[in-house]
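What follows is one structure encoded as structure tokens, with my remarks underneath.
A, B, ... follow the sequence lines: proteins, then strands. Residue 1 opens every chain.
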2 protein chains.
Amino acid sequence: MPRRHDPDRRRRIIDAAIRVVRRAGIAGLSHRTVAAEADVPLGSTTYHFATLDELMVAALRQSGEGFCRVVAAREGLTDPGGDLAGELAAALGEWLAAGRAGAELEYELYLAALRRPALRPVAAGWADDLAALLAPRTDPLTARALVALMDGICLHVLLTGGSYDEEYAREALARMIP
Amino acid sequence: MPRRHDPDRRRRIIDAAIRVVRRAGIAGLSHRTVAAEADVPLGSTTYHFATLDELMVAALRQSGEGFCRVVAAREGLTDPGGDLAGELAAALGEWLAAGRAGAELEYELYLAALRRPALRPVAAGWADDLAALLAPRTDPLTARALVALMDGICLHVLLTGGSYDEEYAREALARMIP
DNA sequence: AGGCGATGTGTACGCGCGTACACATGGCTC
DNA sequence: GAGCCATGTGTACGCGCGTACACATCGCCT
């Protein structure tokens, strides 16, 4: 019995997809699991997203702003005399402290681009956005390298299951800044 | 009929698994696809590797030495006065130049550790091995940071589909070295 | 020689998957 | 208000999957 004209059906499906990935990983993502999570019929998910790639692109778009938002929210970043490395290391810590789940989610979608060309533009855009945030404070090469270093540090924390060493991150990031 | 007493059945199954991941990604890995690739019956793969996790651990162990080997083969690294950053950037270039396929394979297995705790010790060991190679030339913190930076640079190349800029990598790595 | 455990083989079951399609229904245009 | 199209719904099919298990065969130990 119809819940006809559900204007943000799409949005609710994307939200459900994000929750599914958060809980079960990309391997657990299917039209059916998303349908169940969003409490819509199977046909509805296939109607709005013909392929899982489309659904992942939408999910990556929506969830990917997480870290950028954390970074952008740091006022210290805009201050020209501020401690850039310290601010970035702190942002990283803040993001990781929010729990493995959130970070894992964003990273898993991010890393899925390795095998799914459809996700690459979104992933690349993400890295570019971050670099753009850094642009006012440094040259493009440094910004790019800082983003790469932050990605590598995150990767090590998440991959090895170890804890985040903010002081180490600050020191490493500081060396990148000429 | 039977190919009885096949002494390195195990090894051949692992090799087949690596070829499957290289071609189709981890998503394409199953007892059946591996059995077909290795030309052994299904039961044989389940006998030697009860779960796919076991199979992936074996595959990661065997394939993961790729980059370490490239790095270790560079004589310039052991030379105390050599250009460490330049050597590392060149090693990265050599590894990536061997084709996306090889790098994608190793990275995909490496990144799978994000969601599969069983792979984490292997992935962590991999990063440690690399850091150990660098140890004679720098302090531990720097070695760790260099590995993180190399991981981040690789990630960006593979994720964005862009090309590798060795000069940029050399410059960034050089800044890490005090 | 005998036997036993490790290894190899074939088949079956139940499940969740993507996909396809036919049908219902609501909003919008004319 | 008639009709059309976007949207929503339910069901079915075929496939590949992990798993389980019974049976064959071999190596090796006594």
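- The shortest distance between the side-chain N/O atoms of His48(B) and the OP1/OP2 oxygens of dG8(C) is below 4.0 Å.
- Atom P of nucleotide dG18(C) and atom CD of Glu54(A) are separated by 13 Å, given to the nearest angstrom.
- Annotation: the span from Cys68(A) atom SG to Glu106(A) atom CD amounts to 8.5 Å, rounded to 0.5 Å.
- Comment: Glu94(A) engages Arg74(A) in a salt bridge, judged by a side-chain N to carboxylate O separation of less than 4.0 angstrom.
- Between the side chains of Thr45(B) and Arg32(B), not a single donor N or O lies within less than 3.5 Å of an accepting N or O.
- One interatomic measurement links the two molecules: CZ of Arg9(A) to P of dG27(C), which rounds to 14 Å at whole-angstrom precision.
- Among the nucleotides dA12(C), dT9(C), dG18(C), the one closest to any side-chain atom of Ser30(A) is dG18(C).
- In the set dG10(C), dT9(D), dG18(C), dG10(C) carries the atom at the smallest distance from any side-chain atom of Pro41(B).
- Rounded to a whole Å, the NE2 atom of His31(B) is 15 Å from the C1' atom of dT9(C).
- A ring-ring contact (aromatic ring centres under 6.0 Å, His included) check over residues 27-55 of chain A, counting only residues at least two apart or in different chains, returns nothing.
- For Leu42(B) and dC17(D), the CG to P distance is 9 Å, given to the nearest whole Å.
- Atom CG of Asp8(A) and atom P of dG8(D) are 10 Å apart (whole Å).
- Heavy atoms of Ala50(A) sit under 4.0 angstrom from primed sugar atoms or phosphate atoms, though from no base atom.
- Arg32(B) contributes a side-chain N or O that forms a donor-acceptor pair with the base of dG18(D) under 3.5 Å.
- Note on Thr33(A): only backbone sugar-phosphate atoms sit closer than 4.0 angstrom, heavy atoms only; bases stay farther off.
- Checking dG18(C), dG18(D), dT19(C) against every side-chain atom of Thr46(A), the shortest atom distance belongs to dT19(C).
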Grab the N/O contacts between the protein and nucleotides 4-6 of chain D below 3.5 Å, and write none if there aren't any.
none

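- Regarding Leu55(A), its CG atom lies at a distance of 13 Å from the P atom of dC17(C), rounded to whole Å.
- Glu166(B) has no carboxylate O lying under 4.0 Å from a charged side-chain N of Arg170(B), or vice versa, which leaves the two without a salt bridge.
- To the nearest angstrom, C1' of dC17(C) lies 17 Å from CD1 of Ile26(A).
- As a whole-Å value, the separation of Leu29(B) CG from dG16(D) C1' is 14 Å.
- Residue pairs meeting the salt bridge (Lys or Arg N to Asp or Glu O under 4.0 Å) criterion with at least one partner in residues 126-152 of chain A, sequence neighbours excluded, are absent.
- Under the 3.5 Å distance criterion, with hydrogens and angles disregarded, no donor-acceptor pair is assigned to the side chains of Thr160(A) and Arg120(B).
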